[in-house]
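Computed from a predicted model, the values in this text were never measured in an experiment. Positions are given from 1 along the sequence.
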Amino acid sequence: MNFKEHLLGKIAEEACEVGQIAIKAQQFGLDSWHPDDVTKTNRDLLVGELNDLLAVVMMLDPSIALEIEIGNAAQAAKVIKVQHYRARTC
């Protein structure tokens, strides 16, 4: 396995971890915590996992020229789309 393949696997792993804690935060609240670890809230855990994911994405970007930038037009379009469909379901 080369470095690029390793990073692609890490992105998948970190994305799954983001999804897992996001679901826990949705179910139990951002400011709740697991009884076995009261030192970190779901908010803390989510921030940590998002940082882990972004770190790996930044590592991959230069190796395969993804050219990811924060606040680009595609991201703005996604925000509008999410807001549109959210308004339709409320």
*Evaluate side chain to side chain contact (heavy atoms under 4.5 Å, CB included) for K81 paired with H84, printing each intermediate quantity in order.*
CA-CA 5 Å; K81 185 176 180 180; H84 170 76; 5.6 Å; no

*Taking all heavy atoms of H6 and all of M1, pick out the closest pair and write down the distance.*
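Closest pair (atom of H6, atom of M1, distance): CA-SD, 3.5 Å.
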
_Closest contact, heavy atoms only, L53 versus I11_ =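 Result for this residue pair: CD1-O, 3.8 Å.
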
Hey, does [Y] have a side-chain heavy atom less than 4.5 Å from the side chain of [X]?
| X | Y | result |
| --- | --- | --- |
| K4 | L7 | no |
| N42 | W33 | no |
| F3 | M59 | yes |

Got a second to check how far [X]'s [atom1] is from [Y]'s [atom2], nearest 0.5 Å?
| X | Y | atom1 | atom2 | answer |
| --- | --- | --- | --- | --- |
| N51 | M58 | CG | CE | 9.0 Å |
| K10 | E17 | NZ | CD | 7.0 Å |
| I21 | Q26 | CD1 | CD | 12.0 Å |
| Q20 | L46 | CD | CG | 11.5 Å |
| I80 | Q75 | CD1 | CD | 12.5 Å |
| K40 | L45 | NZ | CG | 6.5 Å |

_Check: T41/D31 side-chain N/O donor and acceptor closer than 3.5 Å_ =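 Per modelled atom types, T41 and D31 side chains form no pair under 3.5 Å.
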
_Please check this pair: side chain of E5 against backbone of N2, looking for a donor-acceptor N/O pair closer than 3.5 Å._
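Flag set: sc E5 to bb N2 pair under 3.5 Å.
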
